[in-house]
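Comments concern the structure below.
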Protein chains: 2
Amino acid sequence: MSQQTAKKTKHNKPSYHHGDLRSTLLNAANALLRETGIEGLSLRKLADKVGVSRTAPYHHFKDKNQLLCAIAEQGFVRWHQDAEFIFNQKGLLPQEKYRQFFHGYISYAADNPELYDLMFGRTIWKQNSATEELRKAAFPSFHHQVEMTKKWQAQGLMPSGEDTLRLSQVTWGTMHGIARLLIDGIYADRSHIDAMCDCAVNLFTQHIPEAED
Amino acid sequence: MSQQTAKKTKHNKPSYHHGDLRSTLLNAANALLRETGIEGLSLRKLADKVGVSRTAPYHHFKDKNQLLCAIAEQGFVRWHQDAEFIFNQKGLLPQEKYRQFFHGYISYAADNPELYDLMFGRTIWKQNSATEELRKAAFPSFHHQVEMTKKWQAQGLMPSGEDTLRLSQVTWGTMHGIARLLIDGIYADRSHIDAMCDCAVNLFTQHIPEAED
DNA sequence: AGCATATGTTGACGCTGTCAAGATAACAAT
DNA sequence: ATTGTTATCTTGACAGCGTCAACATATGCT
């Protein structure tokens, strides 16, 4: 079962030291997470998969929680890239840009369900076990949404009468709720998601005279 | 540690058979769930708590999943009672009734965080492990929301232009998202949730001339 | 060359869910 | 009342889990 991915010496014998175990573990963990979910991700299976003894990972991650935090951290970085791509588009009407952002969020969750569960799930956040690095990677995500909400209110896209922070929380909460219902298997049918997103966007935004963003 | 809750004979010796183990287990499981969360709820601790051997529960629940489903089932029944109380109130404006429903939903989740996690979490739904009884208890919850949404649209409280099913999914998704952000520890601050709920209700409803519901 | 440090290993512990086999009580039929 | 069936409860056992302790080996600095 165990695959040998350790570096080889010039005589093609596997060396005692792996050489790049931390990132190898992270990659394998991402794959294992995608295949088996959080529940199926055990340190022992992971170690076996990369061809290393069961306690070797402990030299690179203090415990399982730190490994999970590191995976989630990568998830936030990648989502940031996706979101920035959407926001940096030129020549889009504000409502169209918001629509794409909403759909992009749900798509990211739907395409990486187990990762999303890790990023926003209770496993990490409930018992305050998030590492400092993870917090630093996750916080800008919500902060950015607040900033954009403020802008959208100023543009007249979103109701200016509501408190910006509350409005951000509600709109993000809606995205999070739809994402969770989807990835937790409560809405089995992904084919309705686009329509749901459009419906939500309609509720949150009002038409404004054309003005590029 | 182990408490003896088994029935006693006339000579005050604990009898070999418990007599009411199934409901005793359910009660203890609810308490244990509230105290330690899903992760901390083990069959062995549970059995010990009610003073019975570790495999005794298997004569009343096929496996741990069936026990969890039974707990969740009770959760749905109790939520139904709360919701019905709200809907049966007389002399309330539609928007006020909807506001109470929204707040009631979030309050139920906030007051029973671990139970809510069980009712709507991936533990049960993700791998299609919900029992038939649980499905029968859970489905009316959403069905009722769709019916009410249809009514609210007809009353002019909610936008009639949107598809009823989509609208139900979005509004429920919002409640679910806010509930989850709260109970998963992502919004640590419960003091903001009333304002968040009001904000969401404002976004979803439009003022209609006074008409009791 | 020698020594500290990083990184890898095996052994062990207590926890978990759950199966198998046996003990005990309750109950239905004779 | 006795017998047999069935429901219920018991202990024993197993594999899987996270993780600590102790030990092995390679790397790198002085």
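Below, chains carry the letters A, B, ... as their sequence lines are ordered, and counting in each starts from 1. Scope of the values below: all heavy atoms of this structure, side chains included, with no hydrogens, waters or symmetry mates. These numbers come from a predicted model, not from an experiment.
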message: My understanding is that only residues two or more places apart in sequence, or in another chain, count here; which of them pass salt bridge (charged side-chain N to carboxylate O under 4.0 Å, His left out) with B:Glu147?
response: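 Result, salt bridge (charged side-chain N to carboxylate O under 4.0 Å, His left out) vs B:Glu147: none returned.
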field: Strand-adjacent residues in residues 34-42 of chain B, judged by heavy atoms under 4.0 Å from DNA chain D
entry: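 Output list: empty, so none.
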field: Within residues 122-135 of chain B, residues whose heavy atoms come under 4.0 Å of DNA chain D
entry: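 Heavy-atom contacts with DNA chain D come from no residue of residues 122-135 of chain B; none.
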Looking at residues at least two apart in the chain, or sitting in another chain, which of them share a side-chain contact (heavy atoms from CB on, under 4.5 Å) with [X]?
X        : answer
A:Ala110 : A:Leu182, A:Arg190
A:Pro113 : A:Ile183
A:Gln81  : A:Val77, A:Arg78
B:Arg54  : B:Arg44

field: Distance-only side-chain donor-acceptor flag, B:His103 / B:Arg99, under 3.5 Å
entry: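 There is such a pair between these side chains.
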- request: Kindly state which residues belonging to residues 55-65 of chain A come within less than 4.0 angstrom of DNA chain C, counting heavy atoms of the residue only, listed by number.
  value: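 Heavy-atom contacts with DNA chain C come from A:Thr55, A:Ala56, A:His59, A:His60.
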message: If you define the side chain from C-beta out and look only at heavy atoms, does anything of B:Tyr187 sit under 4.5 Å from B:Ile193?
response: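 Heavy-atom side-chain distance check fails, nothing below 4.5 Å.
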- request: With sequence neighbours left out, write down each residue that passes ring-ring contact (aromatic ring centres under 6.0 Å, His included) with A:Phe76, or none if nothing qualifies.
  value: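 With sequence neighbours excluded, A:Phe76 shows a ring-ring contact (aromatic ring centres under 6.0 Å, His included) to A:Phe120, given in chain and number order.
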field: Under the ring-ring contact (aromatic ring centres under 6.0 Å, His included) test, residues paired with A:Trp79 that sit two or more places apart
entry: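 With sequence neighbours excluded, A:Trp79 shows a ring-ring contact (aromatic ring centres under 6.0 Å, His included) to A:Tyr105, A:Tyr108, given in chain and number order.
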- request: Please confirm whether any donor atom in the side chain of B:Arg54 sits under 3.5 Å from an acceptor in the base of D:dG12, or the reverse.
  value: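 Indeed there is one.
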field: Estimated bend of the helix from C:dA1-D:dT30 to C:dT30-D:dA1 (axis per five terminal pairs, rounded to 10 degrees)
entry: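 End-to-end axis angle for the helix from C:dA1-D:dT30 to C:dT30-D:dA1: 0°, rounded to 10°.
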Below 3.5 Å, can you tabulate the donor-acceptor pairs from side chains in residues 135-146 of chain A to any protein atom, sequence neighbours excluded?
{"unit_1": "A:Arg135", "atom_1": "NE", "unit_2": "A:Ala130", "atom_2": "O", "d": "3.4"}
{"unit_1": "A:Arg135", "atom_1": "NH2", "unit_2": "A:Ala130", "atom_2": "O", "d": "3.4"}
{"unit_1": "A:Gln145", "atom_1": "NE2", "unit_2": "A:Thr171", "atom_2": "OG1", "d": "3.2"}

